[in-house]
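Note sheet for the following structure.
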2 protein chains.
Amino acid sequence: MGSLTEAPATGASPAEDAGNRRGDILRAAGKLFREKGYKATTIRDIAAAVNMRSGSPFYHFKTKHDMLLAVAIDGIAAIHDAVVAAAQAEPEPRSRFRAMIHAHLDALLNPEGRDFAAVVIRECGFLDPEAWAQVQTHKDSYEVLWSRTLDELAAAGILKGDMHITRLLLLGAMNWSTHWYHPGGSRSPEDIARQLCALVLSDEKARYKK
Amino acid sequence: MGSLTEAPATGASPAEDAGNRRGDILRAAGKLFREKGYKATTIRDIAAAVNMRSGSPFYHFKTKHDMLLAVAIDGIAAIHDAVVAAAQAEPEPRSRFRAMIHAHLDALLNPEGRDFAAVVIRECGFLDPEAWAQVQTHKDSYEVLWSRTLDELAAAGILKGDMHITRLLLLGAMNWSTHWYHPGGSRSPEDIARQLCALVLSDEKARYKK
DNA sequence: CCTACCGATCGGTAGG
DNA sequence: CCTACCGATCGGTAGG
């Protein structure tokens, strides 16, 4: 998984990086989709953002819808990869949970990738059923990561109750941060991650740490 | 506060309820805005939903934008009123917190009002600056309710850390439920509220309750 | 990748 | 509240 607009998704020569216009378009589209929404973003907006004329983006993407799909797929891939990497480094459930929250928020809020991530989260409703199913498959496999760790935490008595609802609430708390987080503000993604952990882990261990 | 489309916002005769078309339009607009988004919803969609021709909604609202504003204002008013009522009945911070979570989720997810509530939460970005400021004023006064109770919980040692971030995370967890909650599903708004409380309140009291 | 353009749709209006 | 319609915009295409 993971491509984030490096190269032709089709089998063209990957060596030729000379001005990756497809990637430029995707990044511009991601930014505009996040800022104004998919419907309110115009092909002309996107073209202007990469110094093209209005018809030219269609040389790289068949439709505007295809751009949304490409942004969404790259978006989940980025989140998925970041969280998998963070999770694999931590065998102990509680630390793994912390690392995953950290990684998810970072993927969601850091300057690179935040456009893609926000689009997955907020604009997927505009995909047609087939494309949506494709994205949903990726989302499902991502959520399994969370379910596994949450179930372990429940088994250890660290969390209680319905882990299905808990997962949705946790991801919601994080995903919603795309609505209020401002890059330059006084709270960093790390601050947010720490506070979320403090909120849901009673964490005797940390309190009584030697 | 609170009107939820009963009657003319202007000073017309409130007695004459004979076919409240303005309210019909607002409810239809709210539903469509939530389902398809503001931009993707057409005046013609709204008109069709209330059996009018495409030009007629403009007899009741000057612009589509004004419909969004009206829906948004009614939306926050409904949430605000519900949470105030719930909070006033509970002097003890912990029970008040539970009641507020319950009330917020119920306002957000119950069949009446969920369209309005979801629109406040998701579509306000399409308001122009002046209208947005108007809505923001209402939102601010709503968030004060939460800040007060969260600060009390922090003072009592029940919650820890940055209550500003905590408030945003909590409201995020709840507001996000508009994306995944399905009215007929196996989890009720009450289930969600209970689970959220269990997640963030360690709640010795309940565990050891006689 | 640009020029030139089409067909459809959309918010909104006039006039009743 | 309807009929009829306008001006603008938009996604997309042809032809180079």
Side-chain angles (χ1 to χ4, degrees), chain A residues 5 7-10 12-13 16-30 32-33 35-72 119 123 125-128 130-131, chain B residues 5 7-10 12-13 16-30 32-33 35-72 119 123 125-128 130-131:
Chain A
T5 74
T10 54
S13 73
E16 174 208 341
D17 62 359
N20 178 2
R21 301 302 273 149
R22 189 178 187 275
D24 294 342
I25 292 172
L26 269 194
R27 268 184 297 273
L32 289 160
F33 290 165
E35 287 172 353
K36 320 178 28 167
Y38 171 70
K39 283 283 177 183
T41 298
T42 271
I43 290 291
R44 285 159 175 86
D45 293 335
I46 297 169
V50 294
N51 273 305
M52 286 177 173
R53 308 305 142 212
S54 69
S56 304
F58 293 108
Y59 176 75
H60 298 275
F61 293 91
K62 226 171 54 196
T63 63
K64 182 186 172 191
H65 174 271
D66 282 359
M67 292 183 200
L68 177 58
L69 177 58
V71 170
V119 168
E123 307 295 325
F126 296 107
L127 292 171
D128 65 28
E130 189 195 344
Chain B
T5 75
T10 54
S13 72
E16 171 208 344
D17 62 359
N20 179 2
R21 301 303 273 150
R22 190 178 186 275
D24 293 343
I25 292 172
L26 269 195
R27 268 184 297 272
L32 289 160
F33 290 165
E35 287 172 353
K36 320 178 28 166
Y38 171 71
K39 283 282 177 183
T41 298
T42 271
I43 291 291
R44 286 159 174 84
D45 293 335
I46 297 168
V50 294
N51 272 305
M52 286 178 173
R53 308 307 141 210
S54 68
S56 303
F58 293 108
Y59 176 76
H60 298 275
F61 293 90
K62 226 171 53 198
T63 63
K64 184 187 171 191
H65 174 271
D66 282 358
M67 291 183 201
L68 177 58
L69 177 58
V71 170
V119 168
E123 306 295 325
F126 297 107
L127 292 171
D128 66 30
E130 189 195 344

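Naming: A, B, ... by sequence-line order, numbering from 1 per chain. All values reported here derive from a predicted model rather than from experimental measurement. The figures here come from the full heavy-atom set of this structure, side chains too, leaving out hydrogens, waters and symmetry mates.
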Please work out if B:T42 contacts a base, only the sugar-phosphate, or nothing of the nucleic acid, heavy-atom cut-off 4.0 Å.
sugar-phosphate

Between C:dC1 and A:R21, is there an OP1 or OP2 to side-chain N/O distance shorter than 4.0 Å?
yes

Side chains of B:I43 and B:M67: does their closest heavy-atom pair fall under 4.5 Å?
yes

How many Å lie between CD1 on A:I46 and P on C:dC1, as a whole number?
14 Å

Can you figure out which of C:dC1, D:dG12, C:dT3 approaches the side chain of A:R44 most closely?
D:dG12

Quickly work out the B:D128 CG to C:dG11 P distance and round it to whole Å.
16 Å

Between atom CE in B:M67 and atom C1' in C:dC10, what is the gap in whole Å?
13 Å

My understanding is that a pair needs two contacts under 3.5 Å, Watson-Crick or G-U wobble. By that rule, which nucleotide pairs with C:dT9?
D:dA8

Side chain of B:F58 (C-beta onward), nearest among D:dG11, C:dC1, C:dG11
C:dG11

d(B:N51 CG, B:S56 OG) to nearest 0.5 Å is 11.0 Å

On a heavy-atom basis, which atom in A:D45 and which in A:A40 lie closest, and how many Å separate them?
OD2-O, 3.9 Å

Quick one: look up who C:dG15 pairs with, Watson-Crick or G-U, both distances under 3.5 Å, and put none if it's unpaired.
D:dC2

To the nearest angstrom, how far is B:K39 atom NZ from D:dC10 atom C1'?
12 Å

Please determine, for the side chain of A:R53, which listed nucleotide (D:dT13, C:dT3, C:dG11) has the closest atom?
C:dT3

Could you tell me the separation between the OH atom of B:Y59 and the C1' atom of D:dC2, rounded to a whole number of Å?
12 Å

Tell me, do A:Y38 and A:K64 make a side-chain contact under 4.5 Å, heavy atoms counted?
yes

Protein-nucleotide distance (A:D66, atom CG; D:dG11, atom C1'), rounded to Å:
13 Å

Could you tell me how far apart B:H65 (NE2) and C:dG12 (P) are, to the nearest whole angstrom?
10 Å

With nearest nucleotides of DNA chain D determined for B:S54 and B:I25 from heavy-atom distances, which residue corresponds to the more 5′ nucleotide?
B:I25

To the side chain of A:I43, which of D:dC1, C:dC2, D:dG11 is closest?
D:dG11

Rounded to whole Å, how long is the line connecting atom NE2 of A:H60 with atom C1' of D:dG12?
16 Å

Walk me through whether A:Y59 and A:M52 qualify under side chain to side chain contact (heavy atoms under 4.5 Å, CB included).
CA-CA 11 Å; A:Y59 176 75; A:M52 286 177 173; over 6 Å; no

